[in-house]
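Here is how names work: the chains are called A, B, and so on, in the same order as the sequence lines, proteins then strands, and each is numbered from 1.
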Amino acid sequence: MQKTVISGNEAVALGVKLAKVQVVAAYPITPQTIIVEKIAEYVESGELKARFINVESEHSAMAACIGAAAGGARVFTATSSQGLLYMSEMVFWAGGARLPVVMAVVNRAIAPPWSIWCDHNDALSQRDSGWVQLWVENVQEALDTVIQAYRIAEDERVMLPVMICLDGFLVSHSYEPIEVPSQQLVDSFLPEKTPAPYWIDVTNPRSYGTIASPETYMEFRYELQEAMEGAKRVVKEVDEDWGRLTGRSYGGLIDLYLCDDAEVVAVLIGSWAGDAKEAADIMRSRGVKAGVLRLRSTRPFPAEDLVEALKDVDAVAVVDRSLSPGLPSILLSEVKAALYEHGAKPYVKGFIAGLGGRDVTPQDFVNVFERTLKGFKKGETGKVEWVGLRGVGSGHR
Amino acid sequence: MVTVKELDRKEHWLPGHSACSGCPASLGLRMLGKALRGNFILVVPACCTTVIQGIYPCTPSQVPLLNIAFAATAATASGLKAALELRGVNVPVVAWAGDGGTVDIGLQSLSGAAERNEDILYICYDNEAYQNTGIQRSGATPYGAWTTTTPLGKRERRKDAPWIVAAHKVPYVATASVAYPLDFVEKVQKAAAKKGFKYIHLHAPCPTGWRFPPSKTIEVGRLAVETGMWILYEIEDGVFKLTGRSKALLDPSKRKPVEEYLKLQGRFSHLLRPEGREALESLKLQIEESWSEVGKLVRGQP
Ligand SMILES: Cc1ncc(C[n+]2csc(CCOP(=O)(O)OP(=O)(O)O)c2C)c(N)n1
Ligand code: SF4
Ligand SMILES: [Mg+2]
């Protein structure tokens, strides 16, 4: 293994090269652009033997990926924010068609107002699309997850597209020292793409995506659901395998930090897990047993693992970097649903923070832990609070 | 010139599909299958052809067929072709889309693929409206035509998609008509033999949407050409050429009066009533204008 210092975007591109992707179709958007520029360089220099399709939009980027995946190729694209929304029709198509497309989404807020900075609303807007959604914390995990993603997507028990979500700027543009696995190692982990279990073949003609009547449509959807359920096991297996080869694994579906004996745990996705972990250390130095549960996967939603980790915790803070206007908050609802379904009833409080790239510090997470514990002890409701909100109406101007 | 005798006897688009009787799209698909002897892959967006295929698990297609979203045809075909090339499979990829899916919602992806000169054959079957959703106007609906969203007749002229594609300087652009199947077959074969982006715009008179009896699809298609409403031509490596029946029609006196075409179709009935006189005159002027442009091209070339 070789050490190097690169950015999150460069790590994704490097992962694509190591995975020997065959067709790339992409369209530029900040903060994802560097990924596709870097891949274009690899293709031009011959380091990556792939066809790079310079499409005219994200809708076409995903359409081309779908065509290429249906033709049996290993494919990749990347986008952010507006680009993902523009692509959305085809994102759902890839999920419904059960094609092993892999896409990096460099998370960026949605306009208006225009913002190029990080939040998670772009990827979460596609949560019902039939994609496995994996979230990374740092540059190393970005690289490793790209390689893992192909193993997951192409596994015959799964056959689903995989989205790798990395925080815009916070990961995409952060330079970190990482270990680069050798090509040989990656080859031993990720077999060459075979077209199995199906591809478009003139000698065995089939029609794909025809009309399904009400008598059959539901079964297709049920199978999609089953595939997601099956993906839970595969995501874990693949992460464990990777761990055996490289010494690095990320907990499978959830990444736990000091949760074993914790009285209060923050649940979240993305790179600010680092800040939350720092805050947990601070809390522990003050004698409060705090922990962090980072969801690595939001689809499939790891309900069982989450409940297992939280069942003996007094108080849970769910911190969302996204908003579903009219719903208290997105992850909060999903976490609560999982707990309720499994009969675990810790105190749960929701927070919304960091929208549009608003800075969130370890101190903010210290406050989140304290506020949550206070709410628990006082028997308050878990009403969602917005972190660091400036005066609304006049104050924020 | 291809003859009927030389046509592939095998059917690659099986009967029993669910098109309306007299459907031009199924006719076109049948001839396409014969032209390429069943050795090709179809990419089909939302359009009548989605429905014509019937319902899962049945399919009339004897060639692989990838259905895709409405606006995504050309891009999907591009990706598929890229994958086949990587696998060393040399089979034509044929995008088969309606006029709405081509000149309106799919125009951007079509333009992108044409600009990249992707090695695909794109065929637009033009039934001059969104027929699948119940006869709404499209950018290809001709001036004066009734549709459910132009209840008094369309006030705008149709988009000239073949010329839009030709502006991308692709190796082959042609128009065709289901009423002249051998001309169409020949153009498909010519296109498939070329590398790069090929485009055929296939006139497809639709009995259901145009309001004429299903037995008259061919008659209406021929009259479109004979009256000069639809012009058969090809642009091969930038060189324009009238083809088939249209070759003899540069002289306006050789063309049949457009009324003969219009009177067969309910969608134009108002043009033949006194209150439609002005619109009819406009339509005639437009036909003259199109032909005078063609004349310039024909004369301007060696
Ligand atoms: C994004 C999207 N918008 C609208 C539709 C609904 N729709 C399906 S087919 C169609 C019309 C197709 O018209 P055309 O391309 O001319 O083909 P035709 O039905 O006439 O054969 C429309 C509007 C759709 N499927 N997808
Ligand atoms: S509406 Fe027209 S094009 Fe569509 S299936 Fe019927 S006849 Fe064919
Ligand atoms: Mg149409």
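Side-chain atoms of A:Glu56 and B:Ser109, non-hydrogen and from C-beta on, do get closer than 4.5 Å to each other.
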For this session: Test salt bridge (Lys or Arg N to Asp or Glu O under 4.0 Å) on B:Glu118 and A:Arg51 and set out the steps.
Result: CA-CA 12 Å; B:Glu118 297 284 354; A:Arg51 165 87 200 278; 3.0 Å; yes
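Only the side chain of A:Glu89 comes within contact range of chain B, with at least one heavy atom under 4.5 Å from a heavy atom of that chain. In this structure, the portion of B:Leu86 lying under 4.5 Å from any heavy atom of chain A is its side chain and not its backbone. Contacts between A:Ser213 and chain B at a heavy-atom distance below 4.5 Å involve backbone atoms as well as side-chain atoms. For A:Phe52, no part lies near chain B; criterion is any non-hydrogen pair under 4.5 Å.
To the nearest 0.5 angstrom, B:Ser18 atom OG is 7.0 Å from A:Ile211 atom CD1.
Looking at B:Arg87, its side chain does come within 3.5 Å of a backbone N or O of A:Gly71 through a donor-acceptor pair.
Among B:Val44, B:Thr59, B:Val63, the one residue that satisfies the side-chain contact (heavy atoms from CB on, under 4.5 Å) test with A:Ser207 is B:Thr59.
Aromatic rings of B:Tyr56 and A:Tyr217 (six-membered ring for Trp) have centroids beyond the 6.0 Å cut-off, not under it.
Taking chain A as the reference chain and counting heavy-atom pairs below 4.5 Å, the highest number among B:Ile55, B:Leu84, B:Asn39, B:Val93 is found for B:Ile55. The choice from B:Thr50, B:Leu42, B:Leu66, B:Val51 that makes the most heavy-atom pairs within less than 4.5 Å of chain A is B:Leu66.
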